[in-house]
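Atoms within each ligand, like the ligands themselves, are counted from 1 in listed order. All figures in this text were calculated on a predicted structure; none of them were measured in a lab.
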Amino acid sequence: MRLIIQANHELTSKWVANYMARKIILARPTKEKPFVLGLPTGSSPLGTYAELIRLYKSGIISFQNVVTFNMDEYVGIPKDHPQSYHTFMWSNLFSHIDIREENVNILNGNAPDIKAECQAYEDKIKAAGGIDLFLGGIGPDGHLAFNEPGSSLASRTRDKELNLDTKIANSRFFDNDVDQVPSSSLTVGVGTVMDAREVLIIVNGFNKSRALQHGVEEGVNHMWTISALQLHPRGMIVCDEAATYELKVGTYKHFKDIEKNHLDPDQLLNSDLIW
Ligand code: GLP
C-alpha cells in the first residue's frame, strides 16, 4: 500500500485530481474502450472534484470517454432530494464536465427490487470491463462506501444498514438531526472495490486519524473495512497531515521518505512514473 501525505486538504485534492487526470490521459480512452472510474461522495472528494472541473475547463482532460460507477446511495429518499448522492454528483461534478449522461451509473435507492438492482450493477461493472480506478473516502469508523464495521471483506453490491457512528457523522447534511438520516443504503461491497485495477482512498482531517491508523498499521480486520486495502496490489491512500495524528512517528517518517520523490502534485501531470 502506498501512503501519500500532503500538508493540507487543498494539496491532497490537487494531488488526487492530477493523478486521476494523468491516468485518464495515459489510458487514451475511446468510446469502445473507455476509462472506468469508481467514485465516492462526501466532503473528502469535494476538493478533488473542483480540481477535476478546473482541469477540464483548462482543456487538460476530457470525460467524453469516461464511464463512472458511484459507490453508494441512500435508500428511502427521492433521487432529487438535496442530500441524495445523485444530486451530490450532478451538482459537484457531472454538470460541470463533458461526461455523457449514459456513462454515469449510480445505484437506485428506490428500486422496487433491491436484489435485482444490486446484481445489475455488478453485471454492468463487469460488462464495462471492470473498474480501472476506484476513488474512495472513509467514514470515521473506517467504512469504505457504506461497508460498515463487520461487513464481509468479500462482500458485493447489496443493501446495508447504517450504524449510529455513520448516522451521527452524516447528520451534518440533515439539519444535524440523526433521525433524518436514512437508515439504509445500497453500496458496492468491499470485494467490488477490491476488484478494481487500482484503488485510491482520500483521508482528510483529524476525525479520520483513528481509522487511518487501523487501516495502515493494524492487521486486516472486518471491523475497519478500509484495512482490506492492504490486500490490494495497487492500493493507495492520499491523506493530509491532520489525519496522520494517530500514526507512529516511525510510520509517518517511513512513508514520507519512500514517497519523497512523488509528493509534488504539479509533477504528476507530466509524469509517466505512476501506477
Ligand atoms: C459516507 C459515504 C462514504 C464516504 C463517507 C465519508 O458515509 N457513504 O462513501 O466515504 O461518507 O464522508 P466525508 O468525506 O464527508 O467524511
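- There is no side-chain donor-acceptor pair under 3.5 Å between Ser171 and Gln180.
- Within the structure, ligand 1 lacks Pro40 among the residues with a heavy atom less than 4.0 angstrom away.
- Distances below 4.0 Å separate heavy atoms of Gly137 from the following atoms of ligand 1: 10 (O).
- Atoms of ligand 1 lying under 4.0 Å from at least one heavy atom of Arg172, given by number and element, are 13 (P), 15 (O), 16 (O).
- Side chain of Thr225 to main chain of His222: no donor-acceptor pair is present (N/O by atom type, distance under 3.5 Å, no hydrogens or angles).
- Heavy-atom proximity to Phe146, at under 4.0 Å, picks out these atoms of ligand 1: 1 (C), 7 (O), 8 (N).
- Neither the backbone nor the side chain of Lys167 has any atom closer than 4.0 Å to an atom of ligand 1 (non-hydrogen atoms only).
- Side chains of Asp240 and His9: a donor-acceptor N/O pair is absent below 3.5 angstrom, by distance only.
- Counting only heavy atoms of the protein, atom 12 (O) of ligand 1 lies nearest to Gly42 CA, 4.0 Å.
- Considering Phe173, Phe88, Tyr85, Tyr74 only, the shortest heavy-atom separation from atom 1 (C) of ligand 1 involves Tyr85.
- Atom numbering of ligand 1 starts at 1 in the shown order; those under 4.0 Å from a heavy atom of Ala145 are 3 (C), 8 (N), 9 (O).
- A single hydrophobic cluster is not seen to contain both Leu11 and Leu135; linkage of ILVMFWY side chains at heavy-atom distances under 4.5 Å, directly or through other members, places them apart.
- Remark: His86 pairs with no residue by the ring-ring contact (aromatic ring centres under 6.0 Å, His included) rule, at least two apart or across chains.
- Checked by atom type, the side-chain pair Glu73/Ser185 shows no donor-acceptor distance below 3.5 Å.
- Remark: ligand 1 atoms within the under-4.0 Å shell around heavy atoms of Lys208 are 13 (P), 14 (O), 16 (O).
- Looking at atom 7 (O) of ligand 1, its nearest protein heavy atom turns out to be His143 NE2, 2.9 Å.
- Protein heavy atom in closest approach to atom 9 (O) of ligand 1: Asp72 OD2, 3.3 Å.
- In this comparison of Leu162, Ile202, Ile138, Asn147, the heavy atom closest to atom 6 (C) of ligand 1 sits on Ile138.
- Judged purely by distance below 3.5 Å, without hydrogens or angles, the side chains of Tyr19 and Glu198 pair a donor atom with an acceptor atom.
- Backbone and side-chain nitrogen or oxygen atoms of Ser44 are examined, and one is located within less than 3.5 angstrom of a nitrogen or oxygen of ligand 1.
- Listed for the Tyr121 side chain is a donor-acceptor partner under 3.5 Å among the backbone atoms of Asn105.
- Arg158 has no carboxylate O lying under 4.0 Å from a charged side-chain N of Glu117, or vice versa, which leaves the two without a salt bridge.
- Tyr74 and Tyr85 have tilted rings, their planes meeting at an angle from 30° to 60° on a 0 to 90° scale.
- At under 3.5 Å, not a single nitrogen or oxygen of Thr41, backbone or side chain, sits near a nitrogen or oxygen of ligand 1.
- Per-residue contacts place Ser43 under 4.0 angstrom from the following atoms of ligand 1 (heavy atoms of the residue considered): 13 (P), 14 (O), 15 (O), 16 (O).
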